[in-house]
Amino acid sequence: MDFVRLVPGFPLLGVVLVALTGRFLGRRGTALVACGAVGLAFAVALGVTGALLQTPPESREVEVSLFTWAAVSDFQVDVSLLLDPLSAVMILVVSGVGFLIHVYSVGYMAQDPGFRRYFAYLNLFVFSMVILVLAGNFLLLYVGWELVGLCSYLLISFWYERKEAAKAGMKAFVTTRIGDFGFALGIFLIFATFHTLDYAEVFGSASQVLTTGLATAITLLLFLGAVGKSAQIPLYVWLPDAMEGPTPVSALIHAATMVTAGVYMVTRTHVLFELAPISMLVVAVIGAATAFYAATIATAQDDIKRVLAYSTISQLGYMFLAVGVGAYAAGIFHLTTHAFFKALMFLGAGSVMHALAGEQDIQKMGGLRWTMPLTSITFLAGWLAISGIPPFSGFFSKDEILASAFASGQILLWLVGVITAGITAFYMSRQVFLVFFGEPRYSQHTAIHAEHRSVPHESPWIMTIPLAILAVLAALGGFLGPVLEDFLGPVFAASEARQSLPPLNEAALIILSVAAAGLGIFIAWLGYIRRGVDPKLVAARLGLVYRLVRNKYYVDEVYHALLIRPVWQAASVLATAVDQAGIDGVVNALGSIMQSAGRGLRRVQTGFVRSYALIFLVGVLLVLAISTLR
Amino acid sequence: MPTTQELIAISPEIILALWALSVMFLDLLIAQSRKSILAYWSLLGLLLAGGAEFSLWGREEILFQGAFVQDNLSLFLDLVLLLATGLSLLMAKGYIKDLEMEHGEYYTLTLFATLGGMLMAGAGDLLIVFLGLEVLSLSLYVLSGFRRTEPMAQEASLKYFLLGAFASGFLLYGIALVFGSTGTTLLGGIAVAITEGGLLGDPLLLLGLGLLGVGLSFKVALVPFHMWTPDVYEGAPTPVAGYMSVVAKAAGFAAALRIFLSAFLQLAGDWTLLLSLLALLTMSGGNIIALAQSNMKRLLAYSSIAHAGYILLGVIALNSWGLSSVLFYLAAYGFMNLGAFAVIVALRDGEREYLALNDYAGLGSRHPLLALSMAIFMLSLAGVPPTAGFLAKFYIFGAAVQAGYGWLAILAVLNSVLAAFYYLRVIVIMYMREPAGQVAKMTHSPALALAIFLAVIGTVQLGLFPAAVVELAQASLFPFLGS
């Protein structure tokens with residue numbers, strides 16, 4: 001199982017090869033190296049998972065130490081990889097979905113001048129994400145955490161000539177930094193308490209060392225990091241803007257993998273969270289609230305990718321709801337199925353945009369099921385999965401979460417979850433109906449491939465094959481559930497298994513959530529296929545509510561007015577007052593000094609030095625006052 | 001008469017002093033067109049001095065009746081100083097030629113300044129601290145005004161000199177007060193006097209200590225004694241600015257460590273409040289003002305102020321971890337900061353320098369290797385893993401947490417979050433902005449390329465495999481604090 005080091009090793013090699021020799025490899029060679037690296041990583045991940053399955057369940061935990069990284073006196077941190085069922089599932093998802101998206105990208109980015117740069121970043125991302133999930137201690141986890149963030153900014157602003165793209169990258173950076181700040185503090189607090197950062201040691205002694213208050217403080221700080229990275233309330237604002245990046249990136253980083261890092265992290269540290277009931281509750285409440293809130297926004301968006309982005313935020317909320325009520329395996333299960341169906345839908349959206357010359361407005365699409373059969377069929381699989389229609393994968397994982405919430409006694413959160421399931425089905429159906437059904441509306445608006453074709457066309461096979469594979473996974477992935485929960489079992493052995501509900505209740509819950517989904521789809525059908533209800537009329541009736549949702553509750557505007565502007569003003573005021581009066585004054589004065597010669601020079605110069613000296617003197621007084629008076 | 005043993009123990013300093021003199025002498029014999037020989041000659045001197053340091057490793061020599069100490073602490077700091085000097089000379093070679101100021105004095109003064117720093121690092125007596133400080137400072141006053149014809153350089157030099165003299169006055173006054181209180185200027189003697197004379201709360205001593213602190217604070221540019229920094233960095237030749245930012249700071253912290261560890265350890269409790277306040281002011285002041293800079297040299301000036309604030313955290317922690325992290329930080333900072341200055345030096349067209357932040361637009365596509373190096377330095381300065389800067393910050397903040405200054409660590413982390421903006425902005429500009437108007441050119445030179453290369457290696461090496469340097473740093477502090 002030492003081979004696990006090859007899982008990050010291959011993508012890293014890919015980065016180096018693409019970055020250094022990509023010039024000579026050409027596009028074909030670059031694509032081959034980049035996809036090959038991730039493909040090999042996936043193969044190794046499969047291999048080590050198989051090896052893990054050979055060992056008895058209770059000893060499925062291997063730590064591979066690569067080298068000692070940092071050591072001070074009795075404190076030591078190794079660069080070590082921890083392979084257990086949890087990280088095995090994660091590396092399978094990351095490298096597997098990552099591989100498919102790499103392949104798809106070869107077609108999607110074929111014409112892009114930044115082809116090589118793109119694949120270097122993408123490989124770097126896979127490497128970083130694998131490090132994040134395989135890390136055997138908090139410091140390496142932090143390293144992976146920061147590196148995936150870096151890749152994320154680089155890829156969001158990949159098309160930096162577009163002003164929005166550059167701005168979106170900055171926004172993602174700023175927002176997640178706030179979360180990272182909490183995350184770093186949480187790690188420091190862990191370190192201050194345990195004097196170690198090793199998972200095994202921290203988790204092993206947590207129950208003896210931690211008081212409830214301390215555990216709450218640590219876990220809330222860690223969760224702040226998760227809120228930033230996984231785009232939960234109130235730090236979710238960066239994710240919709242992140243859609244400025246290339247669509248495969250949205251699929252891989254901003255849907256399937258990186259944004260789930262927060263869920264993974266909370267799951268990984270569940271030992272700590274369980275010592276802090278308040279934190280658990282916070283996680284569950286934030287999760288449920290985000291799920292509902294983002295879903296409402298998604299109902300009124302017209303950008304094909306933004307709908308999916310808000311949907312991602314909402315689904316991540318479900319995952320946090322799951323881990324918040326202690327249903328870790330359910331959370332990871334949903335993480336996995338979500339990776340399948342959301343990656344599928346993003347790639348499908350990319351395929352649609354590819355065909356429509358980059359059009360993203362779903363009001364200007366329609367009727368694509370005839371012209372793009374493969375994309376449509378696969379997208380439908382994703383739609384049914386996310387809507388929670390049995391037997392598609394999302395049904396199983398979402399149902400598991402809702403049942404766990406109900407069983408844990410959080411009836412209110414369960415109710416929010418069910419309502420959200422209905423809203424989810426509605427907005428996804430709305431999107432599907434507007435894009436693939438009805439009459440084509442694109443011809444009036446977009447000049448599609450005027451130079452070669454007059455109608456939208458299906459994408460090349462290199463893009464549709466990954467779609468097909470993901471569609472199969474999205475459709476059937478739900479049946480992995482029991483296997484997955486069984487496999488993950490030992491990791492969460494210490495935690496209480498959820499009380500099983502009486503079969504009758506279980507069935508009632510299932511019927512309720514399927515009914516909610518069905519209702520959502522039905523309403524969308526009424527509005528967008530049957531046209532029995534005019535959505536515009538409904539929007540007008542709703543008035544303020546609609547405007548609020550349509551404009552995403554004006555949160556961006558509020559943040560800008562309350563947080564961003566004041567900070568910048570403060571910085572520039574300080575800079576002008578303290579700094580520019582000094583040097584720029586001098587520089588500007590120099591011109592006139594030359595004219596008025598010695599006298600002027602002396603006066604201006606000593607003037608400024610005097611003011612410096614004055615500040616110096618204030619400092620001296622301060623120092624003396626503190627050091628003598630106290 | 002000094003004994004042979006003493007002479008051997010102080011051989012690095014002797015080598016450097018002789019070398020500085022020899023450069024002056026050689027300068028007379030070498031034609032103006034071949035002055036760059038002096039650069040290689042000086043580098044050879046640095047190598048020899050460094051070799052002497054290595055051969056002395058592990059010894060603990062107290063020389064000249066305690067006035068000078070050659071132990072692992074001074075050797076470690078000396079090596080940092082020598083390394084930084086070497087890098088800055090590699091940067092300077094082509095630069096001073098292009099800007100028509102290739103005089104032998106440049107090398108002589110640089111070597112003398114380093115010698116001053118080394119004296120501070122090994123000082124066993126407050127007067128040696130002062131002597132070292134003045135040797136360092138006087139050389140720097142001249143070096144910062146080395147472009148004599150530039151008004152900016154004259155101004156920088158004059159300002160630095162006036163304020164430096166002001167600070168030296170305080171330092172000297174502090175020494176006098178300490179002497180008045182304890183009756184000695186020997187560091188070891190002061191410690192003894194404090195214990196035996198019961199001087200723990202003596203106002204005269206505290207006043208003296210405060211003034212000593214002021215003098216050193218000026219040297220390492222703590223807020224509010226930092227006002228000179230941006231002006232001087234901007235006016236000084238770029239390699240000199242880089243040199244000052246590392247060597248003057250390292251020397252200042254070296255002297256502070258010496259003085260506090262050997263003489264005033266018993267007063268530790270008295271200065272933590274003050275130092276915490278200074279650290280806070282320094283970090284926050286440096287970072288906030290850096291946010292609004294549009295000139296690279298000024299940006300790095302404020303950045304270097306902020307870094308001094310971080311380093312102070314390790315001094316405050318005052319345990320073996322904290323102090324070894326100070327040493328590690330200085331080493332990491334030396335590589336990344338000089339590396340960043342080296343990139344600035346590279347980005348010029350003969351004698352025209354491109355200092356505006358906007359000149360870096362499009363560097364990523366025009367000079368990918370240079371941009372990559374700059375990106376590495378910026379990431380490291382910002383403390384992004386897995387670079388040297390990240391580990392250095394981790395060590396320092398971790399030490400503060402361990403010593404019970406969690407709140408200070410929180411504020412420091414907050415500061416580094418803030419600081420990431422302006423470092424990352426440089427990267428964003430390099431990779432994500434097209435140049436508007438005139439395109440900045442790059443000057444190629446093998447020496448400069450070597451300097452950047454070494455700095456990159458150091459920055460990455462200390463980030464990925466820091467163990468060796470950390471062990472050296474810990475070994476340096478063994479005599480003072482035990483393991």
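Computed over heavy atoms, backbone and side chain alike; hydrogens, waters and symmetry mates excluded. Naming: A, B, ... by sequence-line order, numbering from 1 per chain.
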Quick one: what part of [X] sits under 4.5 Å from any heavy atom of chain A, side chain, backbone, both or neither?
| X | answer |
| --- | --- |
| B:Leu222 | neither |
| B:Phe397 | both |
| B:Ala399 | neither |
| B:Ala167 | both |
| B:Leu274 | both |
| B:Leu277 | side chain |
| B:Ile427 | neither |
| B:Pro203 | backbone |

- Item | B:Tyr395: which of B:Tyr329, B:Phe328, B:Phe390 passes ring-ring contact (aromatic ring centres under 6.0 Å, His included) | B:Phe328

Considering only heavy atoms and a distance below 4.5 Å, find which of [options] pairs most often with chain B.
| options | result |
| --- | --- |
| A:Val143, A:Leu617, A:Leu622 | A:Val143 |
| A:Leu150, A:Val620, A:Leu154, A:Leu140 | A:Val620 |
| A:Val79, A:Leu147, A:Leu139 | A:Leu139 |
| A:Ala166, A:Gly149, A:Ser157 | A:Ser157 |

- Salt bridge present between B:Arg298 and B:Glu234 (N-O < 4.0 angstrom): yes

- Query: So, are A:Glu146 and A:Lys229 salt-bridged, with charged N and O less than 4.0 Å apart?
  - Reply: no

Can a donor-acceptor pair be found between the side chains of [X] and [Y] at a distance below 3.5 Å?
| X | Y | value |
| --- | --- | --- |
| B:Tyr160 | B:Asp231 | no |
| B:Asn287 | B:Asn415 | yes |
| B:Gln474 | B:Ser320 | no |
| A:Trp145 | A:Asp180 | yes |

- Item | Top contributor to chain A contacts, counting heavy-atom pairs under 4.5 Å, from B:Ser416, B:Gly398, B:Ala467, B:Pro386 | B:Gly398

- Task: Name the option with the most non-hydrogen atom pairs under 4.5 Å to chain A; the candidates are B:Leu209, B:Val428, B:Leu464.
- Result: B:Leu464

- Task: Could you check if a side-chain atom of A:Phe173 sits within less than 4.5 angstrom of a side-chain atom of B:Leu424, using non-hydrogen atoms only?
- Result: yes

